[in-house]
Q: 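Below: one structure in structure tokens.
Just so it is clear, the model here is predicted, and its values are computed rather than measured. Residue numbers start at 1 and run along the sequence shown.
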Amino acid sequence: MTSLTSTVVRLKLSLLRNGLRQSGGRRAAFVVSAVVTVLFALLMLLGMLALRGHAHADAVVVPGTAVLALGWAVLPLFFPTGDETLDPTRLVMLPLRPRPLVRALLVASLVGTGLLFTLLVLAGCAVAVAHGAAGYAVAVLAVALALLVCVALARAVATANVRLLTSRRGRDLAVLSGLVIAVGAQLVNFGARQLGSAGLGRLQPVADTLGWVPPASAVAAVRSASEGAYGTAAAQLVVTAAGLAALVAVWARSLTRLMTAPDGSTLQAADAGAQDRASGGLGRLLPGGRTGTVMDRSLRYVWRDPKTKAAWVTSLAIGLIVPVFNAAQGTGSVYFACFAAGMLGIQMYNQFGQDTSAFWMVATTISSPRDAYTELRGRALALLLITLPYTALVTVATAAVLGAWSRLPEVLGLSFALLGAMLATGAWTSARFPYSIPQEGHKNVAPGQAGLAWISIFGGMVSAALLCSPVIALTIGLHVSADGEAWQWLLLPVGVVYGAVLTLAGLRLAAPRTAARLPEILTAVSKG
């Protein structure tokens, strides 16, 4: 009789293989993303190996393991990852017991580039502090335990949040969770920077504390065994194993509750009129015709759709935190305000994927490049309605904290030019590299399309940076010129005009491609 574990693993491999068979572009995107991931992991591995023999090597690798586990816990909720076999709601109607299902899903989670990346990083962390036969022997067990803890933690958190991210009643809490994680990540970043500036020795108390928290305790056990403290090493391994057992138990309990309890999101909405308050008043101020209709629809998505709302709130929070926090700490620059335009410009990417399977209704109204241009223009204008005042607000706040009012015009010009470039590249990549955002589950991209999503986003961001190079070159030229300071105010109108030209050009170029590729786009975005 075929075991459930082997069936689920084969199912995952089949889904991945079938997704890659759909087009050569997806295969290329998957290969490129896998190669980049492995190369980055190898660089981190070399960096960890370079710490061998350093007096405070454990002060880096032990907290590093904890940060890696934190990434496994939160990234699957808010970034493209995962596959259909890891969404337990797909298996509700099957007669499966929780514990065999947990075992099968845990093993299936060990297939993919994410596992390889984590394995290389954990191996580097363990080898960095391993010395002697006992240290290396414990390192083998420690890496395996830490890897299982990371995977079990990711699955337990994801399972507990499946209903949260899909329920309309829980969408505001999901947005709050994303905001807390975004703010917390920035606080950790700033704290680590402060500690690092004083030397690795300042991190030693943190490493000693995390040495008893799974899965960092597994790497700490390697250090203890290498120093001859075998009892301490055994205790730390037991703590890691106990943490793994607790995570699996919590996962199994959450899985049982998820697959047996009724879904509150199926309850009827209480007040249909209240649902229209988000954009009802604003809708009267929008332009008439298709442009206003598209803008109203896009703004409703921002307010109503949990995943779209979470993405916007997180971008708004991070776009404000990074420049203002750096400025408040005296380590930033007024040019960091451009980060706000970059974070919100990302929302222009994969415009049609945000519609999910409902895009077919939009597609029926597009019969010519003119229709496609009007559709894209309405989406861009809806985005600008939020991003333009927000970008100006963040720039003014950063300049106020730093007292750099003389730089305000040029930074605003650079921000508006960057925003225009990202709108242009976002419109084009939305037509060229569409991917699906599943409505159910905790994933933000359909299986087999993760590489395509990363290539679309990061490729578009690089292209946007290149498109902004003329304005950047002009800014540098005015700074190095002897009398250029008197003309730096021109960067504001130049940036506004240049960004507007880029946006219009991008929409014009993307419209014919959108109209010509409607069947392919509809197939891609309806996958989830």
Side-chain angles (χ1 to χ4, degrees), residues 279 282-283 285-303 305 308-309 311-312 315-316 319 338 340-355 358-359 362-363 365-366 368-392 412-435 437 456-457 459-461 463-465 467-468 471 495-518 521 525:
S279 60
L282 181 61
L285 303 178
L286 298 177
R290 177 167 184 151
T291 299
T293 302
V294 174
M295 292 179 65
D296 187 56
R297 184 207 321 137
S298 299
L299 294 173
R300 287 176 184 270
Y301 280 159
V302 174
W303 182 254
D305 182 65
T308 304
K309 191 175 185 179
W312 269 94
S315 296
L316 290 169
C338 296
M343 286 298 300
L344 294 187
I346 295 177
Q347 304 302 322
M348 186 64 185
Y349 292 82
N350 196 37
Q351 278 292 307
F352 306 127
Q354 296 175 14
D355 295 355
F359 178 68
V362 178
T365 66
I366 299 177
S368 66
R370 177 63 184 175
D371 293 335
Y373 173 77
T374 307
E375 176 72 25
L376 290 170
R377 183 181 62 188
R379 293 172 184 254
L381 288 175
L383 189 144
L384 287 173
L385 199 62
I386 301 174
T387 56
L388 282 178
Y390 176 81
T391 300
L412 276 175
L414 284 171
S415 296
F416 291 148
L418 175 61
L419 182 58
M422 297 198 72
L423 291 178
T425 55
W428 190 85
T429 57
S430 293
R432 181 62 182 84
F433 301 109
Y435 57 91
I437 302 177
S456 171
I457 294 174
M461 292 172 64
S463 300
L467 289 175
C468 286
V471 180
V496 171
V497 173
Y498 187 73
V501 170
L502 285 180
T503 300
L504 292 175
L507 297 178
R508 291 288 184 185
L509 291 174
R513 181 173 291 273
T514 301
R517 299 190 73 249
L518 275 179
I521 296 174
V525 303

Q: Write out all pairs satisfying salt bridge (charged side-chain N to carboxylate O under 4.0 Å, His left out) with one or both partners inside residues 285-294, taking only residues at least two apart or from two chains.
A: Arg290-Glu375
Q: Could you list the residues that satisfy side chain to side chain contact (heavy atoms under 4.5 Å, CB included) with Ala382, not counting sequence neighbours?
A: Met295, Ser298, Leu299
Q: Go through it in stages, so that I can follow the logic: the residues are Met461 and Ile346, the test is side-chain contact (heavy atoms from CB on, under 4.5 Å), and I'd like the CA-CA distance, side-chain angles, deciding distance and then a yes or no.
A: CA-CA 8 Å; Met461 292 172 64; Ile346 295 177; 4.2 Å; yes
Q: Does Thr293 reach the main-chain N or O of Gly289 with its side chain, forming a donor-acceptor pair under 3.5 Å?
A: yes
Q: Could you tell me which residues satisfy ring pair (Phe, Tyr, Trp, His ring centres under 6.0 Å) with Phe352, sequence neighbours excluded, listed by chain and number?
A: Phe359
Q: Less than 4.5 Å apart, any side-chain heavy atom of Tyr498 and any of Leu418?
A: no
Q: Do Arg377 and Leu504 pass the side-chain contact (heavy atoms from CB on, under 4.5 Å) test, and can you show the C-alpha distance, the side-chain angles, and the key distance before you say yes or no?
A: CA-CA 8 Å; Arg377 183 181 62 188; Leu504 292 175; 5.9 Å; no
Q: With a 4.5 Å heavy-atom cut-off, do Leu384 and Leu423 have their side chains touching?
A: yes
Q: Which heavy atom of Ala427 sits nearest a heavy atom of Ala510, and at what distance?
A: O-CB, 3.5 Å
Q: Can you tell me how far apart CG (Leu381) and CG (Leu507) are? Round to the nearest 0.5 Å.
A: 8.5 Å
Q: Would you say the side chain of Ile366 lies within less than 4.5 Å of the side chain of Leu518, judging by non-hydrogen atoms?
A: yes
Q: Compare every heavy atom of Pro369 with every heavy atom of Ala515, then report the nearest pair and how far apart it is.
A: CB-N, 3.9 Å
Q: Treating Tyr349 as the side-chain partner and Gly460 as the backbone partner, does any N or O pair qualify as donor plus acceptor under 3.5 Å?
A: yes
Q: What distance separates Leu419 CG from Leu414 CG, expressed to the nearest 0.5 Å?
A: 12.5 Å
Q: Would you give the length of the straight line joining atom CG of Asn350 to atom CD of Gln354, rounded to the nearest 0.5 angstrom?
A: 6.5 Å
Q: From Leu509 CG over to Leu376 CG, what is the distance, rounded to the nearest 0.5 angstrom?
A: 11.0 Å
Q: Can you sort out the partners of Tyr373 under ring pair (Phe, Tyr, Trp, His ring centres under 6.0 Å), two or more places apart, ordered by chain and number?
A: none
Q: Applying side chain to side chain contact (heavy atoms under 4.5 Å, CB included), can you list everything that pairs with Leu412, at least two apart in sequence or on another chain?
A: Ala392, Thr395, Leu408, Phe416, Leu492
Q: Distance from Thr387 atom OG1 to Leu316 atom CG, nearest 0.5 Å?
A: 9.5 Å
Q: Within this structure, what is the CZ-OG1 distance for the pair Arg379 and Thr374, rounded to the nearest 0.5 Å?
A: 12.5 Å
Q: Would you check if the side chain of Ser430 reaches a backbone N or O of Gln351 as a donor-acceptor pair within less than 3.5 Å?
A: yes
Q: Output every pair passing side-chain hydrogen bond (donor to acceptor under 3.5 Å, both in side chains) with a member in residues 499-518, not counting sequence neighbours, ordered by first then second residue.
A: none
Q: For residues Ala424 and Gly506, report the shortest heavy-atom separation together with the two atoms involved.
A: CB-CA, 3.7 Å
Q: Is the backbone N or O of Trp312 less than 3.5 Å from a side-chain atom of Ser315, with the two atoms forming a donor-acceptor pair by type?
A: no
Q: Under 3.5 Å, is there a donor-acceptor pair between the side chain of Thr391 and the main chain of Leu388?
A: no
